[in-house]
Amino acid sequence: MLKAVILIGGPQKGTRFRPLSFEVPKPLFPVAGVPMLQHHIEACSKLPNMKEILLIGFYQPNEELNRFLSCAQQDFKISIRYLQEYAALGTGGGIYHFRDQILSGGPEAFFVLNADVCSEFPLPEMTDFQKEHGDAYSFVILGTTANRKQSLNYGCIVENEQTDEVLHYVEKPSTFVSDIINCGIYLFTPEIFQHIGAVFQKNQQDMMLEEQSNGWHRAEVIRLEQDIFTALAGQGKLYVYKTDRFWSQIKSAGSAIYASRLYLNQYHKTHPERLATNREGGPKTRGNVYIHPTANIDPTAVLGPNVSIGTGVTIGAGVRVRESIILHGATLQDHSCVLNSIVGWGSTIGKWARVEGTPSDPNPNDPYAKIDSETLFRDGKLTPSITILGCNVNIPSEVIILNSIVLPHKDLNRSFKNQIIL
């Protein structure tokens, strides 16, 4: 049997996702119409002998998370539980802390997935790959190819091209190491806990020597990438399965629009019913568009490509929306225009107003390009990126909001460009 562990982080993480993560934990942010995590859970639940999915993080259990878990359990008919860490323990510390829960019932192997990636999740292929490599004690990392410059922002893997063994692993190197990068999706056997345990013991001994008052806490903070993979590389235990299917990180709000595009594209194969079609009396759609059944949209509106419309959204006559996510309860009044933006929960955009951002997409001419996690500021100026309206923002009629981030509960009274409106 198999299990899956999804690492969802906690409130101190996902800060680049503000102001959207103020309202909803980042892993529950809707991408292509469903919470980010649901894509992971769906992929895991499709594996034939998957028995349980565990979420590990340090969010306080809240109503939204509980509601999501109970709905997902019913939809996917699988046990899903949330295990809360007492503090941020790192990617390895979290699974080590809950090792008894993961190993109960005796799984032969278990997946570990980071919540902030979007992917086609080639999990069955990874399971077959592990079996082919014969060794019951081998661990598999999902890898993909990046371009040379961008590879420096990820964990880099040097492999033996004949055997796919990981010979060398460096997290975010300062100079070029390899163009194969770690996708944050792993397949482990229970033996991994011996390796994490050894690091834990070593950390404890180091703490004893330092004799720091809070040493017990720090010994449990273990990072899979730097502490475990770097040590395991070259020992014949760690292998990389390379995928050429889509994969992206979701670090900033801008990357959520890109991830949404990748998932909407995948819906042609997996969920054609989620894609809107041009129907008599309905809005005109171009390309891939997701519209929640409760949304109220004027037939003269034009939506797409890459648009997702949440629950209870109202869209007036002649509205144009492209490359954007409109969250639940938002209102776009007649003839407004929204491009490359995320419109927050319950926000209102007035008539003839224009809300526009600059896409932060990867270079379309480079098949290996990934999305750049841009810094918010460059040379003292705000880097042009997508426009984000927090929840309950009011944009008056006939103004332009360009490349700006508007924090929640603001009533604007004029146009803004390249600003963070606090």
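From a predicted model like this one, the values you see are computed outputs, not experimental measurements. Only this structure's heavy atoms are used, side chains among them; waters, hydrogens and symmetry mates stay out.
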Is Lys351 salt-bridged to Glu398, cutoff N-O under 4.0 Å? no

Are the side chain of Ser324 and the backbone N or O of Asn340 linked by a donor-acceptor pair below 3.5 Å? yes

Kindly confirm or rule out a cation-pi arrangement of Arg261 over Tyr263, judged by NZ or CZ under 6.0 Å from the six-membered ring centre and within 45° of its axis? no

Checking Ser248 against Tyr258 for the side chain to side chain contact (heavy atoms under 4.5 Å, CB included) test, could you report, in this order, the C-alpha distance in whole Å, the side-chain angles of both residues, the deciding distance, and whether it holds? CA-CA 8 Å; Ser248 178; Tyr258 178 62; 3.6 Å; yes

Does Phe200 form a ring-ring contact (aromatic ring centres under 6.0 Å, His included) with Tyr96? I'd like the steps, not just the answer. CA-CA 9 Å; Phe200 176 64; Tyr96 186 68; 5.4 Å; yes

Side-chain touch Leu332/Ile326, heavy atoms, less than 4.5 angstrom: yes

Going by heavy atoms in the side chains, are Leu113 and Cys44 under 4.5 Å from each other? yes

Quick check: closest heavy atoms across Pro190 and Glu108, and the distance to 0.1 Å? CD-O, 3.2 Å

Sub-4.5 Å side-chain heavy-atom contact between Met126 and Leu142: yes

Validation row: Pro305, Arg322 side chains within 4.5 angstrom (heavy atoms): yes

To the nearest 0.5 angstrom, please state how far the OG atom of Ser385 sits from the CD1 atom of Ile257. 9.5 Å

Audit row: Phe68, Gln38, side chain to side chain contact (heavy atoms under 4.5 Å, CB included) steps and yes/no: CA-CA 9 Å; Phe68 169 72; Gln38 190 169 316; 4.0 Å; yes

For atom NZ of Lys410, is the number of surrounding heavy atoms from other residues, nucleotides or ligands below 6.0 Å larger than 12? yes

Is the charged tip of Arg148 near the ring of Phe176: under 6.0 Å from the six-membered ring centre and within 45° of its axis? yes

Less than 4.5 Å apart, side chain to side chain, heavy atoms only: is that true for Val406 and Ile388? no

If I take atom CG from residue Leu303 and atom CD1 from residue Ile297, how far apart are they, to the nearest 0.5 angstrom? 5.0 Å

Not counting sequence neighbours, which residues clear ring-ring contact (aromatic ring centres under 6.0 Å, His included) with Phe193? List them please. Phe110

Yes or no on side chain to side chain contact (heavy atoms under 4.5 Å, CB included) for Val5 and Leu7, after CA distance, side-chain angles and deciding distance? CA-CA 6 Å; Val5 176; Leu7 306 173; 4.0 Å; yes

I need the Met36 CE to Ser260 OG distance, nearest 0.5 Å. 10.5 Å

Quick check: are there more than 12 heavy atoms from other residues, nucleotides or ligands sitting under 6.0 Å from CD of Glu63? no

Do His292 side-chain atoms and Thr294 backbone N/O form a donor-acceptor pair below 3.5 Å? yes

When rounded to the nearest 0.5 angstrom, what is the spacing between CZ in Phe29 and CG in Leu327? 4.5 Å

Please walk me through it: do Asn296 and Ile315 pass side chain to side chain contact (heavy atoms under 4.5 Å, CB included)? CA-CA 6 Å; Asn296 180 9; Ile315 294 184; over 6 Å; no

Ser70 side-chain N/O to Arg67 backbone N/O, donor-acceptor pair under 3.5 Å: yes

Check this for me: Phe246, atom CZ, are more than 12 non-hydrogen atoms of other residues, nucleotides or ligands nearer than 6.0 Å? yes

Among Thr383, Thr387, Asn418, which one satisfies side chain to side chain donor-acceptor pair (under 3.5 Å) with Asn403? Asn418

Mark yes or no for whether Ser178, through its side chain, and Ile180, through its backbone, hold a donor-acceptor pair below 3.5 Å. yes

Are the side chain of Lys26 and the backbone N or O of Ile250 linked by a donor-acceptor pair below 3.5 Å? yes

Taking every heavy atom of Thr144 against every heavy atom of Thr243, the minimum-distance pair comes out as OG1-O, 3.1 Å

Main chain of Leu402, side chain of Ser404: is a donor-acceptor contact present, judged purely on distance under 3.5 Å? yes

Backbone N/O of Gln266 and side chain of Thr270: donor-acceptor pair under 3.5 Å: yes

Counting only heavy atoms not in Lys417, do more than 12 fall under 6.0 Å of its NZ? no

Verify whether one side chain among Glu85 and His97 offers a donor that lies under 3.5 Å from an acceptor in the other. no

So do Lys370 and Gln249 actually touch side chain to side chain, heavy atoms under 4.5 Å? no

Going by atom types only, do Asp179 and Ser151 share a side-chain donor-acceptor pair under 3.5 Å? no

Can a side-chain donor-acceptor contact be found between Asn306 and Glu323 if the only test is distance below 3.5 angstrom? yes

Quick check: does any side chain N or O of Lys172 sit under 3.5 Å from a backbone N or O of Leu152, one acting as donor and the other as acceptor? no

Tell me yes or no: between the side chains of Asn153 and Gln150, is some donor less than 3.5 Å from an acceptor? no

Describe, in one word, how the ring planes of His40 and Phe121 are oriented to each other, choosing from parallel (under 30°), tilted (30 to 60°) and perpendicular (over 60°). tilted

Locate the shortest heavy-atom distance separating Gln101 from Glu52; write the atom from each residue and the value. O-OE1, 4.4 Å

Does a salt bridge link Lys242 with Glu159, judged by any charged N lying under 4.0 Å from a carboxylate O? yes

Looking only at heavy atoms, the pair that brings Leu20 and Ala253 closest together is CD1-CB, 3.6 Å

Looking only at the side chains, is there a donor atom on one of Tyr267 and Arg274 sitting less than 3.5 Å from an acceptor on the other? yes

Closest contact, heavy atoms only, Asn66 versus Pro61: OD1-CB, 4.4 Å

Evaluate the criterion side chain to side chain donor-acceptor pair (under 3.5 Å) for residue pair Glu120 and His39; output intermediate values, then yes/no. CA-CA 9 Å; Glu120 217 167 303; His39 297 286; over 6 Å; no

What distance separates Leu224 CG from Thr91 OG1, expressed to the nearest 0.5 Å? 4.0 Å

Short side-chain to backbone donor-acceptor contact, Trp247 and Cys183, under 3.5 Å: yes

Using modelled atom types only, decide if a donor and an acceptor are shared between the side chain of Tyr82 and the backbone of Tyr59 within a distance under 3.5 Å. yes

Of all the heavy-atom pairs spanning Gly316 and Asp334, show the shortest one and how long it is. CA-OD1, 3.3 Å

Would you say Cys337 and Arg354 make side-chain contact, with heavy atoms under 4.5 Å? yes

If you round to the nearest 0.5 Å, how far is CD1 of Ile8 from CG of Leu28? 7.5 Å

Would you call Glu125-Arg245 a salt bridge at under 4.0 Å N-O? yes

Considering only heavy atoms from C-beta outward, does the side chain of Leu55 approach that of Arg81 to under 4.5 Å? no

In a check of side chain to side chain contact (heavy atoms under 4.5 Å, CB included) between Tyr169 and each of Val240, Asn182, Leu232, Ile228, which one passes? Asn182

Relative to each other, are the rings of Tyr186 and Phe188 parallel, tilted or perpendicular (30° and 60° limits)? parallel

